There are 2 protein chains.
Amino acid sequence: MAHIELKEALDTLKDTGVRITPQRHAILEYLINSMSHPTADDIYKALEGKFPNMSVATVYNNLRVFREVGLVKELTYGDASSRFDFVTTHHYHVICEQCGKIVDFHYPGLDEVEHLASHVTGFKISHHRMEIYGTCPDCASKEAH
Amino acid sequence: MAHIELKEALDTLKDTGVRITPQRHAILEYLINSMSHPTADDIYKALEGKFPNMSVATVYNNLRVFREVGLVKELTYGDASSRFDFVTTHHYHVICEQCGKIVDFHYPGLDEVEHLASHVTGFKISHHRMEIYGTCPDCASKEAH
DNA sequence: TACACTATTTATAAAGATTATAAAATAAGA
DNA sequence: TCTTATTTTATAATCTTTATAAATAGTGTA
(Lines give C-alpha, C1' and ligand atoms only; values in the text may rest on other atoms or scores of the structure.)
Protein backbone atom coordinates (compact mmCIF):
# COMPACT_ATOMS: atom_id res chain seq x y z
CA MET A 1 0.00 0.00 0.00
CA ALA A 2 2.98 2.24 0.44
CA HIS A 3 3.44 1.35 -3.19
CA ILE A 4 -0.02 2.63 -4.10
CA GLU A 5 0.44 5.79 -2.09
CA LEU A 6 3.63 6.58 -3.95
CA LYS A 7 1.92 6.05 -7.29
CA GLU A 8 -0.94 8.30 -6.29
CA ALA A 9 1.45 10.95 -5.09
CA LEU A 10 3.32 10.86 -8.39
CA ASP A 11 0.02 11.16 -10.26
CA THR A 12 -0.86 14.16 -8.16
CA LEU A 13 2.41 15.78 -9.15
CA LYS A 14 1.83 15.01 -12.80
CA ASP A 15 -1.68 16.48 -12.67
CA THR A 16 -0.38 19.64 -11.09
CA GLY A 17 2.30 20.03 -13.71
CA VAL A 18 5.17 19.41 -11.31
CA ARG A 19 8.04 17.56 -12.91
CA ILE A 20 8.99 14.22 -11.47
CA THR A 21 12.71 14.15 -10.90
CA PRO A 22 14.66 11.29 -9.33
CA GLN A 23 15.24 13.45 -6.27
CA ARG A 24 11.53 14.14 -5.86
CA HIS A 25 10.76 10.49 -6.35
CA ALA A 26 13.25 9.52 -3.66
CA ILE A 27 12.09 12.15 -1.18
CA LEU A 28 8.47 11.10 -1.55
CA GLU A 29 9.37 7.45 -1.25
CA TYR A 30 11.35 8.13 1.89
CA LEU A 31 8.53 10.15 3.42
CA ILE A 32 5.97 7.46 2.72
CA ASN A 33 8.06 4.57 3.99
CA SER A 34 9.41 6.43 6.97
CA MET A 35 7.34 5.73 10.02
CA SER A 36 9.07 8.60 11.79
CA HIS A 37 8.47 12.25 11.02
CA PRO A 38 11.78 13.34 9.55
CA THR A 39 13.34 16.77 9.43
CA ALA A 40 14.66 18.14 6.15
CA ASP A 41 18.11 17.22 7.32
CA ASP A 42 17.07 13.64 8.12
CA ILE A 43 15.89 13.27 4.57
CA TYR A 44 19.02 14.86 3.20
CA LYS A 45 21.23 12.48 5.17
CA ALA A 46 19.13 9.44 4.28
CA LEU A 47 19.43 10.13 0.56
CA GLU A 48 23.11 11.07 0.59
CA GLY A 49 24.09 7.59 -0.47
CA LYS A 50 21.79 7.53 -3.47
CA PHE A 51 22.43 11.16 -4.47
CA PRO A 52 25.93 12.13 -3.40
CA ASN A 53 25.64 15.49 -5.11
CA MET A 54 22.22 16.48 -3.87
CA SER A 55 21.98 19.87 -2.21
CA VAL A 56 20.10 20.60 1.01
CA ALA A 57 18.30 23.30 -0.90
CA THR A 58 16.79 20.64 -3.12
CA VAL A 59 15.25 18.93 -0.13
CA TYR A 60 13.82 22.18 1.16
CA ASN A 61 12.58 23.27 -2.24
CA ASN A 62 10.80 20.02 -2.86
CA LEU A 63 9.31 19.78 0.59
CA ARG A 64 7.82 23.20 -0.08
CA VAL A 65 6.49 22.05 -3.44
CA PHE A 66 4.94 18.97 -1.86
CA ARG A 67 3.40 21.08 0.86
CA GLU A 68 1.90 23.47 -1.66
CA VAL A 69 0.40 20.59 -3.59
CA GLY A 70 -0.97 19.15 -0.37
CA LEU A 71 1.04 15.94 -0.31
CA VAL A 72 2.99 16.81 2.77
CA LYS A 73 2.27 18.56 6.04
CA GLU A 74 4.87 20.63 7.87
CA LEU A 75 4.97 20.24 11.63
CA THR A 76 6.54 22.97 13.73
CA TYR A 77 7.13 21.97 17.29
CA GLY A 78 9.20 23.65 19.91
CA ASP A 79 12.52 22.29 18.72
CA ALA A 80 14.77 23.86 16.16
CA SER A 81 13.66 22.35 12.90
CA SER A 82 10.41 21.52 11.17
CA ARG A 83 9.29 17.97 10.64
CA PHE A 84 7.49 16.66 7.60
CA ASP A 85 4.64 14.21 7.41
CA PHE A 86 3.18 12.54 4.37
CA VAL A 87 -0.53 13.35 4.37
CA THR A 88 -2.74 10.29 4.65
CA THR A 89 -5.81 10.22 6.80
CA HIS A 90 -6.61 12.74 9.46
CA HIS A 91 -4.75 12.08 12.68
CA TYR A 92 -3.04 13.86 15.53
CA HIS A 93 0.39 13.31 17.05
CA VAL A 94 1.44 12.24 20.51
CA ILE A 95 4.96 13.43 21.28
CA CYS A 96 7.35 12.15 23.92
CA GLU A 97 8.95 15.03 25.78
CA GLN A 98 11.92 12.89 26.81
CA CYS A 99 13.07 11.27 23.57
CA GLY A 100 11.07 13.15 20.94
CA LYS A 101 9.31 10.09 19.56
CA ILE A 102 6.14 10.93 17.62
CA VAL A 103 3.23 8.49 17.51
CA ASP A 104 0.17 8.88 15.32
CA PHE A 105 -3.14 9.09 17.11
CA HIS A 106 -6.40 8.72 15.25
CA TYR A 107 -9.28 10.77 16.54
CA PRO A 108 -12.30 12.33 14.90
CA GLY A 109 -11.78 15.95 13.95
CA LEU A 110 -12.77 18.42 16.60
CA ASP A 111 -15.50 20.05 14.55
CA GLU A 112 -17.28 21.34 17.60
CA VAL A 113 -14.25 23.35 18.65
CA GLU A 114 -14.04 24.91 15.20
CA HIS A 115 -17.71 25.81 15.24
CA LEU A 116 -17.53 27.48 18.62
CA ALA A 117 -14.36 29.32 17.69
CA SER A 118 -16.04 30.59 14.56
CA HIS A 119 -19.06 31.74 16.52
CA VAL A 120 -17.08 33.49 19.26
CA THR A 121 -14.39 35.17 17.18
CA GLY A 122 -16.14 35.75 13.86
CA PHE A 123 -13.31 34.00 12.05
CA LYS A 124 -13.94 31.83 9.02
CA ILE A 125 -12.23 28.69 10.30
CA SER A 126 -10.27 26.56 7.87
CA HIS A 127 -8.59 24.00 10.10
CA HIS A 128 -6.87 23.38 13.39
CA ARG A 129 -3.88 21.58 14.73
CA MET A 130 -3.39 19.74 17.97
CA GLU A 131 -0.54 17.89 19.57
CA ILE A 132 -0.49 15.88 22.74
CA TYR A 133 2.62 15.76 24.92
CA GLY A 134 3.77 13.26 27.47
CA THR A 135 6.21 10.45 28.23
CA CYS A 136 6.36 7.32 26.11
CA PRO A 137 6.34 3.87 27.74
CA ASP A 138 10.05 3.32 27.02
CA CYS A 139 11.11 6.54 28.72
CA ALA A 140 8.65 5.99 31.56
CA SER A 141 10.15 2.60 32.34
CA LYS A 142 13.67 4.01 32.12
CA GLU A 143 12.69 6.69 34.61
CA ALA A 144 11.44 4.07 37.04
CA HIS A 145 14.61 1.93 36.59
CA MET B 1 -5.93 44.43 36.63
CA ALA B 2 -2.92 44.43 34.39
CA HIS B 3 -1.46 46.21 37.39
CA ILE B 4 -2.31 43.35 39.69
CA GLU B 5 -0.99 40.75 37.25
CA LEU B 6 2.33 42.51 37.07
CA LYS B 7 2.57 42.63 40.86
CA GLU B 8 1.77 38.95 41.11
CA ALA B 9 4.31 38.12 38.46
CA LEU B 10 6.98 40.06 40.32
CA ASP B 11 6.04 38.26 43.53
CA THR B 12 6.40 34.95 41.72
CA LEU B 13 9.88 35.93 40.65
CA LYS B 14 10.82 37.00 44.17
CA ASP B 15 9.53 33.72 45.60
CA THR B 16 11.56 31.74 43.10
CA GLY B 17 14.71 33.67 43.90
CA VAL B 18 14.91 35.34 40.50
CA ARG B 19 16.24 38.88 40.68
CA ILE B 20 14.05 41.68 39.55
CA THR B 21 15.98 43.86 37.18
CA PRO B 22 14.64 46.87 35.29
CA GLN B 23 14.85 44.89 32.06
CA ARG B 24 12.83 42.02 33.49
CA HIS B 25 10.30 44.44 34.87
CA ALA B 26 9.92 46.08 31.48
CA ILE B 27 9.67 42.82 29.55
CA LEU B 28 6.98 41.50 31.88
CA GLU B 29 5.09 44.77 31.75
CA TYR B 30 5.21 44.74 27.98
CA LEU B 31 4.02 41.14 27.79
CA ILE B 32 1.11 41.79 30.12
CA ASN B 33 -0.05 44.99 28.46
CA SER B 34 0.48 43.73 24.94
CA MET B 35 -2.69 42.31 23.54
CA SER B 36 -0.69 40.76 20.71
CA HIS B 37 1.63 37.80 21.08
CA PRO B 38 5.03 39.33 20.46
CA THR B 39 8.20 37.71 19.22
CA ALA B 40 11.45 38.19 21.09
CA ASP B 41 12.40 40.75 18.49
CA ASP B 42 9.14 42.65 18.91
CA ILE B 43 9.91 43.00 22.59
CA TYR B 44 13.47 44.01 21.90
CA LYS B 45 12.38 46.73 19.49
CA ALA B 46 9.62 47.96 21.79
CA LEU B 47 12.03 48.45 24.68
CA GLU B 48 14.85 49.94 22.64
CA GLY B 49 13.78 53.45 23.59
CA LYS B 50 13.80 52.76 27.31
CA PHE B 51 16.95 50.60 27.25
CA PRO B 52 19.20 51.74 24.41
CA ASN B 53 21.97 49.37 25.48
CA MET B 54 19.90 46.28 26.02
CA SER B 55 21.07 43.17 24.20
CA VAL B 56 18.82 40.77 22.31
CA ALA B 57 20.33 38.02 24.41
CA THR B 58 18.80 39.64 27.48
CA VAL B 59 15.35 39.35 25.98
CA TYR B 60 15.88 35.71 25.09
CA ASN B 61 17.47 34.89 28.44
CA ASN B 62 14.64 36.42 30.38
CA LEU B 63 11.91 34.92 28.27
CA ARG B 64 13.47 31.57 29.03
CA VAL B 65 13.59 32.38 32.73
CA PHE B 66 9.94 33.42 32.67
CA ARG B 67 9.02 30.27 30.83
CA GLU B 68 10.84 28.09 33.34
CA VAL B 69 9.05 29.80 36.20
CA GLY B 70 5.76 29.33 34.39
CA LEU B 71 4.92 32.97 33.82
CA VAL B 72 5.17 32.82 30.07
CA LYS B 73 4.27 30.32 27.40
CA GLU B 74 6.25 29.93 24.19
CA LEU B 75 4.25 29.47 21.02
CA THR B 76 5.87 27.94 17.96
CA TYR B 77 3.84 28.33 14.83
CA GLY B 78 4.86 27.83 11.27
CA ASP B 79 6.60 31.16 10.87
CA ALA B 80 10.21 31.79 11.62
CA SER B 81 10.22 32.93 15.22
CA SER B 82 8.55 31.92 18.46
CA ARG B 83 5.89 34.06 20.06
CA PHE B 84 5.45 34.62 23.76
CA ASP B 85 2.28 34.77 25.75
CA PHE B 86 1.80 35.82 29.35
CA VAL B 87 0.09 32.92 31.09
CA THR B 88 -3.29 33.75 32.51
CA THR B 89 -6.14 31.33 32.35
CA HIS B 90 -6.27 28.32 30.08
CA HIS B 91 -7.18 29.25 26.55
CA TYR B 92 -6.46 28.41 22.94
CA HIS B 93 -5.56 30.65 20.02
CA VAL B 94 -7.36 31.40 16.80
CA ILE B 95 -4.93 32.57 14.14
CA CYS B 96 -5.65 34.49 10.95
CA GLU B 97 -3.83 32.94 8.01
CA GLN B 98 -3.94 36.20 6.06
CA CYS B 99 -2.66 38.80 8.52
CA GLY B 100 -1.35 36.65 11.36
CA LYS B 101 -3.62 38.16 14.02
CA ILE B 102 -3.97 35.94 17.09
CA VAL B 103 -7.17 35.96 19.12
CA ASP B 104 -7.64 34.20 22.45
CA PHE B 105 -10.34 31.59 22.58
CA HIS B 106 -11.56 30.20 25.88
CA TYR B 107 -12.58 26.57 25.87
CA PRO B 108 -12.52 23.84 28.48
CA GLY B 109 -9.44 21.62 28.28
CA LEU B 110 -9.82 18.60 26.07
CA ASP B 111 -9.33 16.07 28.85
CA GLU B 112 -11.12 13.37 26.92
CA VAL B 113 -8.62 13.55 24.10
CA GLU B 114 -5.76 13.21 26.55
CA HIS B 115 -7.34 10.21 28.20
CA LEU B 116 -7.92 8.41 24.94
CA ALA B 117 -4.43 9.21 23.72
CA SER B 118 -3.03 7.82 26.94
CA HIS B 119 -5.09 4.67 26.59
CA VAL B 120 -4.21 4.06 22.94
CA THR B 121 -0.51 4.90 22.96
CA GLY B 122 0.50 4.02 26.51
CA PHE B 123 2.00 7.48 26.96
CA LYS B 124 1.81 9.27 30.26
CA ILE B 125 0.18 12.47 28.96
CA SER B 126 1.22 15.79 30.46
CA HIS B 127 -0.53 18.33 28.26
CA HIS B 128 -1.61 19.22 24.76
CA ARG B 129 -1.65 22.20 22.47
CA MET B 130 -4.19 23.22 19.89
CA GLU B 131 -4.47 26.10 17.48
CA ILE B 132 -7.31 27.01 15.20
CA TYR B 133 -6.66 28.59 11.82
CA GLY B 134 -8.87 30.67 9.57
CA THR B 135 -9.57 34.14 8.24
CA CYS B 136 -10.39 37.02 10.56
CA PRO B 137 -13.42 39.26 9.87
CA ASP B 138 -11.21 42.14 8.70
CA CYS B 139 -9.42 40.06 6.10
CA ALA B 140 -12.65 38.32 5.08
CA SER B 141 -14.31 41.66 4.32
CA LYS B 142 -11.24 42.86 2.44
CA GLU B 143 -11.35 39.71 0.32
CA ALA B 144 -14.99 40.38 -0.57
CA HIS B 145 -14.23 44.10 -1.38
C1' DT C 1 25.64 53.20 54.16
C1' DA C 2 29.30 50.45 52.37
C1' DC C 3 30.91 45.73 51.10
C1' DA C 4 31.01 41.44 49.08
C1' DC C 5 29.07 37.90 46.53
C1' DT C 6 26.63 36.22 42.89
C1' DA C 7 23.28 36.75 39.29
C1' DT C 8 22.55 39.38 35.33
C1' DT C 9 23.58 42.23 31.37
C1' DT C 10 26.14 43.37 27.58
C1' DA C 11 28.77 42.72 23.40
C1' DT C 12 30.16 39.60 20.40
C1' DA C 13 30.54 35.58 18.04
C1' DA C 14 28.93 31.11 16.84
C1' DA C 15 25.57 27.71 15.55
C1' DG C 16 21.78 26.01 13.14
C1' DA C 17 17.83 26.24 9.95
C1' DT C 18 16.13 28.08 5.95
C1' DT C 19 16.07 30.89 1.75
C1' DA C 20 18.08 33.49 -2.30
C1' DT C 21 20.86 33.52 -6.43
C1' DA C 22 22.91 32.30 -10.63
C1' DA C 23 24.96 28.93 -13.49
C1' DA C 24 24.70 24.10 -15.02
C1' DA C 25 21.90 20.12 -15.80
C1' DT C 26 17.72 17.80 -17.14
C1' DA C 27 12.59 16.26 -17.63
C1' DA C 28 8.84 16.41 -20.78
C1' DG C 29 6.51 17.65 -24.83
C1' DA C 30 6.87 18.75 -30.01
C1' DT D 1 15.97 14.00 -31.17
C1' DC D 2 15.56 18.87 -30.06
C1' DT D 3 13.99 22.70 -27.47
C1' DT D 4 12.71 25.08 -23.59
C1' DA D 5 11.31 25.99 -19.21
C1' DT D 6 11.96 23.81 -14.88
C1' DT D 7 14.94 21.96 -11.57
C1' DT D 8 19.28 21.04 -9.34
C1' DT D 9 23.49 22.33 -7.60
C1' DA D 10 26.80 25.12 -5.21
C1' DT D 11 27.32 28.87 -2.62
C1' DA D 12 26.36 32.60 0.09
C1' DA D 13 23.24 35.25 2.73
C1' DT D 14 19.71 35.79 6.19
C1' DC D 15 17.44 35.04 10.30
C1' DT D 16 16.64 33.18 14.87
C1' DT D 17 18.59 31.57 18.85
C1' DT D 18 22.36 30.25 21.97
C1' DA D 19 27.14 30.38 23.97
C1' DT D 20 30.91 32.94 26.07
C1' DA D 21 33.42 36.05 28.80
C1' DA D 22 33.98 40.46 30.72
C1' DA D 23 31.55 44.29 32.85
C1' DT D 24 27.73 45.64 35.69
C1' DA D 25 24.40 45.81 39.19
C1' DG D 26 20.95 43.46 42.77
C1' DT D 27 20.56 41.85 47.36
C1' DG D 28 21.78 40.47 51.94
C1' DT D 29 24.89 41.57 55.72
C1' DA D 30 27.69 44.22 58.81
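Order of the sequence lines fixes the chain letters, A, B, ..., with proteins taken first and strands second; residue numbering starts at 1 for each chain. Quick caveat, the model's predicted, so the values are computed rather than measured.
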Distance check needed: [N] [atom2] versus [X] [atom1], whole Å only.
{"X": "A/N53", "N": "C/dT26", "atom1": "CG", "atom2": "P", "answer": "10 Å"}
{"X": "A/N61", "N": "C/dT26", "atom1": "CG", "atom2": "P", "answer": "17 Å"}
{"X": "B/I27", "N": "C/dT8", "atom1": "CD1", "atom2": "P", "answer": "12 Å"}
{"X": "A/Q23", "N": "C/dT26", "atom1": "CD", "atom2": "P", "answer": "9 Å"}
{"X": "B/H25", "N": "C/dT9", "atom1": "NE2", "atom2": "P", "answer": "14 Å"}
{"X": "A/L13", "N": "C/dA27", "atom1": "CG", "atom2": "P", "answer": "15 Å"}
{"X": "A/R19", "N": "C/dA28", "atom1": "CZ", "atom2": "C1'", "answer": "6 Å"}

| query | Closer than 4.0 Å, any side-chain N/O of A/R24 to the OP1 or OP2 of C/dA27? | reply | no

| task | Compare side-chain N and O positions of B/T58 against OP1 and OP2 of C/dT10 and report whether any pair is under 4.0 Å apart. | result | yes

| remark: chain B reaches DNA chain D, atoms under 4.0 Å from its heavy atoms, from D/dT16 to D/dT27

Validation row: [X], [Y] side chains within 4.5 angstrom (heavy atoms):
{"X": "B/Q23", "Y": "B/L47", "answer": "no"}
{"X": "B/F105", "Y": "B/I95", "answer": "no"}
{"X": "B/E112", "Y": "B/L116", "answer": "no"}
{"X": "A/L75", "Y": "A/F84", "answer": "no"}

| request: Show your working on side-chain contact (heavy atoms from CB on, under 4.5 Å) between A/I125 and B/V94 and close with a plain yes or no. | output: CA-CA 9 Å; A/I125 305 300; B/V94 185; 4.0 Å; yes

| said: Could you check whether atom NE2 of B/H91 has more than 12 heavy atoms from other residues, nucleotides or ligands sitting under 6.0 Å from it? | reply: yes

| task | Inspect the contact between A/R129 and A/E131 and indicate whether a charged nitrogen and a carboxylate oxygen are less than 4.0 angstrom apart. | result | yes

| With nearest nucleotides of DNA chain D determined for B/S55 and B/P22 from heavy-atom distances, which residue corresponds to the more 5′ nucleotide? | B/S55

Could you pull out the protein-nucleic contacts involving nucleotides 17-19 of chain C (nitrogen or oxygen on both sides, under 3.5 Å)?
{"unit_1": "C/dT18", "atom_1": "OP1", "unit_2": "A/S82", "atom_2": "N", "d": "3.1"}
{"unit_1": "C/dT18", "atom_1": "OP1", "unit_2": "A/S82", "atom_2": "OG", "d": "3.4"}
{"unit_1": "C/dT18", "atom_1": "OP2", "unit_2": "A/Y60", "atom_2": "OH", "d": "2.3"}
{"unit_1": "C/dT18", "atom_1": "O5'", "unit_2": "A/Y60", "atom_2": "OH", "d": "3.4"}

| said: Test side-chain hydrogen bond (donor to acceptor under 3.5 Å, both in side chains) on B/S126 and A/E97; report intermediate values, then the result. | reply: CA-CA 9 Å; B/S126 71; A/E97 292 172 306; 3.0 Å; yes

| query | Parallel, tilted or perpendicular: which fits the ring planes of B/Y133 and A/H127, with parallel below 30° and perpendicular above 60°? | reply | parallel

